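Please read these numbers as outputs of a predicted model, since none were measured by experiment. Read the numbers this way: they start at 1 and go in the same order the structure lists the ligands and their atoms.
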Amino acid sequence: MRLADTRPPFAGLANLSWEALASLPTPCYLLDEGQLRRNGELLLGVQQRTGCKILLAQKAFSNFNVYPVLAPYLAGTEASGLYESRLGKEELPEKENHVFCAAYRADEFAELLQYADHIVFNSPSQLAKFGPAAKAAGKSVGLRLNPECSTQEGHAIYDPCAPGSRLGTTRAQWDAAVQADPALPELLDGLHFHTLCEQDADALALTLAAVEAKFGGLLPRMKWLNFGGGHHITRPGYRLATLEQCITETQKKYGVQVYLEPGEAWALNAGYLVTTVLDTLQNGETSLAILDMSAACHTPDVIEMPYRPPLLDAGDPGEKPYLIRLGGPTCLAGDVVGDYSFASPLTEGQRLIFGDMAIYTTCKNNTFNGMPLPPIWAMDENGTCRELVKFGYSDFKMRLGRAAD
Ligand SMILES: *Cc1c(COP(=O)(O)O)cnc(C)c1O
């Protein structure tokens, strides 16, 4: 017997049997290898048609056990610092290894040089401080730009172009730095910008025009230009033609190699969080269910971003007759996933499946309230599930102190 509603983002569940689902422990992250492969094929197509290179931003998705699934499609990895760069080097040693960090540490930089091929600096002062050592080690050196072009509404914490931003170098900051140190530009092999978040290609086109207007004079001397992440390339309806036009025109005009480093796009809709209803309650008008997963611990972006994750066989409020507020077992009053409507009331022991749970979840989870870290499983194209890793009490305790011998 197959699951009923397997439209996107649940299309990958078409081959998962009720028996296989019932055998999973809960809560449990389930990575969907078929969906990862479909995303990979799409991103490979962009690379083949345009000649650009697409990296995996590991901060969004770093489940290295399934890196071999993505490897055929990846040009390399992108890291936010030393550990992710090391992870990329250990798990995908044949691939390019890029790193961007808002500020590198002097006591880590020599080690970082062992892993990274491309090192992107956030500021002229970091470039001046570490650039010469990076060049001497044969690395490709870049600077992150701030094109001062905000294209997103709503998510201010995801806008690196907001006034007073600490991310990227503005034209005014660059001009002042070059005036003080005219040799600075000679350190640069490439430029980088990252200003988008879950956006379509029209926002990229706008941003690219701002980059050209502000920094176009620097581009002809560069070997590469990195368009950053935030490109929702694998979302149905994304305007691929616009993206590919941005890439090919930029490469032709300036003679640069274009890089993209999305995180989300690689693993979009490629994972689920399976959870069990532990209790149901009624408080006045409000029907509630306590799940064995926690929004605060296991899907922190639901609260931070915030967003509403898709839930299999459930609707928005008003769509179906039974409206139920879903929350976690922690002490946090706001540990609520959201209000969902169902065809029938939820019952204790019932399983629910949240969708699009591969990105910004396993890499962000925590053990607040002593909540266990959910095990991570993978599902192959036939719907066969296997455990990748499980966690226990020691994973909670070891982060708080050293156990007595
Ligand atoms: C977050 C980030 C990415 C990846 O962003 P997605 O939204 O996951 O595509 C890429 N590059 C940099 C510098 C980032 O900070």
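In terms of polar-atom proximity, defined here as any N/O pair under 3.5 Å, Leu196 makes no such contact with ligand 1. Of the N or O atoms in His231, none lie within a sub-3.5 Å distance of an N or O in ligand 1. Ligand 1 has no N or O atom lying under 3.5 Å from any N or O atom of His192, backbone or side chain. For the pair Gly230 and ligand 1, the shortest N or O to N or O distance falls below 3.5 Å.
Atom numbering of ligand 1 starts at 1 in the shown order; those under 4.0 Å from a heavy atom of Pro262 are 9 (O). Close approach of ligand 1 to Ala57 (heavy-atom distance below 4.0 Å) involves ligand atoms 3 (C), 4 (C), 10 (C). Listed by number with element, the atoms of ligand 1 under 4.0 Å from a non-hydrogen atom of Ala60 are 8 (O).
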Between Glu33 and Arg386, does the salt bridge (Lys or Arg N to Asp or Glu O under 4.0 Å) criterion hold? Intermediate values first, please. CA-CA 11 Å; Glu33 295 181 337; Arg386 67 184 192 283; 2.8 Å; yes
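For Tyr360, the heavy-atom gap to ligand 1 drops under 4.0 angstrom.
For the residue pair Gln126 and Ser123, no side-chain donor N or O sits within less than 3.5 Å of a side-chain acceptor on the partner. Side-chain polar atoms of Ser85 and Asn97 form a donor-acceptor pair below 3.5 angstrom. No side-chain donor from either of Gln152 and Tyr158 sits under 3.5 Å from a side-chain acceptor of the other. With 3.5 Å as the limit, one finds a donor-acceptor pair spanning the side chains of His192 and Glu261. Looking only at atom types and distance, the side chain of Glu264 has a donor-acceptor partner in the side chain of His232 under 3.5 Å away. Counted by atom type alone, Tyr340 and Glu319 present zero donor-acceptor pairs between their side chains at under 3.5 Å.
Looking at atom 10 (C) of ligand 1, its nearest protein heavy atom turns out to be Glu261 O, 3.1 Å.
Only the side chain of Lys59 comes within 4.0 Å of ligand 1, counting heavy atoms alone; its backbone N, CA, C and O stay farther away.
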